[in-house]
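Note that the coordinates shown come from a computational prediction; the quantities given were computed from them, not determined experimentally. Labels below follow one simple rule: chain letters A, B, ... track the order of the sequence lines, proteins then strands, and each chain is numbered from 1.
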Amino acid sequence: MTWTRPGSTRSSPGTTCSRRSITGSTAPPSDGLEPGEEDPMSEELGATEREIVAQRLRKAEELRQLGVNPYGNGHAPEHLARDLHGRYGDAPPETIALDPGDWSVAGRVLAMRSFGKAAFLKVRDRSGEIQVWVKKDKVGEKAFEIFKRLDVGDVIAARGPATRTKTGELTVEAATFTILTKAIRPLPEKWHGLADVEQRYRQRYLDLVSTPGVRETFEKRARIVTTIRRFLDDRGYLEVETPTLHKPEEAGGATARPFETHHNALSLDLKLRIATELHLKRLVVGGLERVYEIGRIWRNEGIDRRHNPEFTSIEFYQAYATHEDLMLLTEQLFHELAVKVTGSAQVTFQGRVIDFTPPFPRHSMLEMGARALGLSPEDALAGRGLSEALSRAATREGNSEDAWKLEKASRASPGEAIALAFEVFCEHELPADRPTFVVDFPIETSPLSRRRDADPRLVDRFELFVAGMELANAFSELNDPVDQRARFEAQLAARAAGDEEAMPFDEDFVRALEHGMPPTAGEGIGIDRVAMLLTDAPSIRDVILFPLLKPRE
RNA sequence: GGGCGCAUAGCUCAACUGGCAGAGCAAUGGACUCUUAAUCCAUAGGUUGAAGGUUCGAUUCCUUCUGCGCUCACCA
């Protein structure tokens, strides 16, 4: 089952770099530029910055004259900051002095406190931070000449024994010191860092350097993907990759507007996939009974805090399973994700604690939607008194958008009306402190899922809601080819009636079902949303390294 | 697309009711061999987002535009 993006989107607020941002091409590794000299950077930089760049280029040249390549290579540090902290922990200076070791570290200089003939550098590598103490009498005249050309932001290497300074900080007391990479642009201001939100997304490299927690967010995102992969691998699933370029007649498996593109040599119009669903189910037909794909999908829709035009989904399919089996699996998976990524089953998201301990509460879309309209589930499904109830609700509803939605619902099928009533009245009443399964979906909302044996007006489907976000969508898959053909025909009719997002008729997919797909259940999860939840990120842009932004100018 | 808000030095922000555009950090020069936003002295850095208007005088008031933020809608 494809993960379907719910909720509201809106037109992009659009974002452009502020005029004072420092972006653009890098300067050639040439002599220092005189102010006003022709240079690709000079047009976009203010006088002060141009001056800084010119000075730093000059220092790079001076380093060359000292025999140091300011962009040299071949120097690999032997240790990480983490190694030192792991080795010494809180050990007092006397203990460290018994075995100070010989530590070779490298990293970016984040701060420098200089005393003329000595200085303390805050250096960061991939594992963390370590202080480096450069003293003229320890590193020697030549290395100290190199040190004089150092700026905050440069990448350096140092080697020497460990020590603990008077102020208690674990430190490498440099016996050798050199500059590995000369930065010619300055880092963001040290107190406030990158305050311009848009610049943080646009220049993520600076964000990663100077905004606390950003690196951790993306480390957690990686752990989420790894955890899901391992979880499914351990259960006998096979990871696959299916096409991201779809032909016009391929349905993909969701209702959304696609991006369109073109293959020149084949003279073929193509679209970027909006879901992985139908290819994966073809693979189940082919005997890959447990299969999953983690990958990028694209939807040509609005952008907001929960929506980016390209995002990552995982879909997985398990033959001989039902949607009930997947509910249990989903509870296990999310519990494991919470514990492995945040360290606890109780996750704090935007100031609220959400408890991921199974079992998760379940709520019926049918019952809640019908009750909100003052109808019995049976009457609502049968459409008895439905349009009157909707009109009453619309009149009662002060909120004009909701009234408009209800008005629209009164012209829709009973199933769609129930889903709309649920959305308007019930979605915000779902528990805020627990992940929640919504079940009992009307068939009209689900063109690819299996009818319920006990009531063919419903489908065997659930969605997982957490903190008001739809995180997962799953159902027992429709494997009756005759029924599937009829559902596609209904989609064609909807398209003819003006529904731009109705699915195309995917003949080859029906053909695959005609060859026989074992009874199967499938699920889709929005990885970005999960990452938001587990990193406490208020916007999807905070968990996507380079979110789509409006171009400058 | 609608509503609300913001735009001043490279960065973060001041500037009272319309009266000489400022501070901290960053930068540069100098002092300083245990600092944690190091400290001290000095220097430099501005078309106040753009265009127009009111006024003796506009960063300040008005109009339009541009950009950004928040929010609502379209949209599953």
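A:Lys136 places no side-chain N or O within donor-acceptor distance of the main-chain N or O of A:Ala143, the cut-off being under 3.5 Å. A donor-acceptor pair under 3.5 Å links the side-chain atoms of A:Asp528 to the main chain of A:Thr312, judged by distance alone. Of the possible polar contacts, none joining the A:Lys271 side chain to the A:Phe259 backbone as a donor-acceptor pair under 3.5 Å is found.
Across all strands shown, B:rG18 forms no Watson-Crick or G-U wobble pair with both key distances under 3.5 Å. With a cut-off of 3.5 Å on both Watson-Crick or G-U wobble distances, the partner of B:rU60 is given as none. For B:rC70, the paired base is B:rG3 (Watson-Crick or G-U wobble, both distances below 3.5 Å). With a cut-off of 3.5 Å on both pairing distances, B:rA38 has no Watson-Crick or G-U wobble partner at all. Within the shown strands, nothing qualifies as a pairing partner of B:rG45 under the Watson-Crick or G-U definition with both distances less than 3.5 Å. Across every strand in view, B:rA9 sits unpaired, with no contact that passes the Watson-Crick or G-U test at under 3.5 angstrom.
In this structure, the nucleotide among B:rC75, B:rA38, B:rC34 sitting nearest to the side chain of A:Phe115 is B:rA38. Picking from B:rU71, B:rU35, B:rA27 the nucleotide with the shortest atom distance to the side chain of A:Arg305 gives B:rU71. Residue A:Gln55 places its side chain closer to B:rU28 than to any other of B:rC34, B:rC32, B:rU28. With B:rU33, B:rC34, B:rG69 as the choices, the nucleotide that has an atom nearest any side-chain atom of A:Asp137 turns out to be B:rU33. When each of B:rC75, B:rG69, B:rU33 is scored by its nearest atom to the side-chain atoms of A:Arg541, the top-ranked nucleotide is B:rG69.
Using a 4.0 Å cut-off between a side-chain N of Lys or Arg and a carboxylate O of Asp or Glu, A:Arg461 and A:Glu477 do not qualify as a salt bridge.
Note on A:Ser114: a base of the nucleic acid sits closer than 4.0 angstrom, heavy atoms only. Using a 4.0 Å heavy-atom criterion, one finds that A:Lys59 contacts the sugar-phosphate atoms exclusively.
The aromatic ring centroids of A:Trp133 and A:Phe177 lie 6.0 Å or more from each other.
For A:Arg113 and B:rA31, the CZ to C1' distance is 19 Å, given to the nearest whole Å. The nearest whole Å value for the distance from the CZ atom in A:Arg56 to the P atom in B:rA26 is 12 Å. The nearest whole Å value for the distance from the CG atom in A:Leu150 to the C1' atom in B:rA27 is 15 Å. Atom NZ of A:Lys136 is separated from atom C1' of B:rC34 by 19 Å (rounded to the nearest Å). A:Phe120 places its CZ atom 12 Å from the C1' atom of B:rC32, with the value rounded to the nearest Å. If you take CG of A:Asp151 and C1' of B:rG29, they are 15 Å apart, rounded to a whole angstrom. Here the C1' atom of nucleotide B:rU33 and the NZ atom of A:Lys166 are 11 Å apart, to the nearest Å.
The base of B:rU35 sits with one of its N or O atoms less than 3.5 Å from a complementary donor or acceptor on the side chain of A:Gln131.
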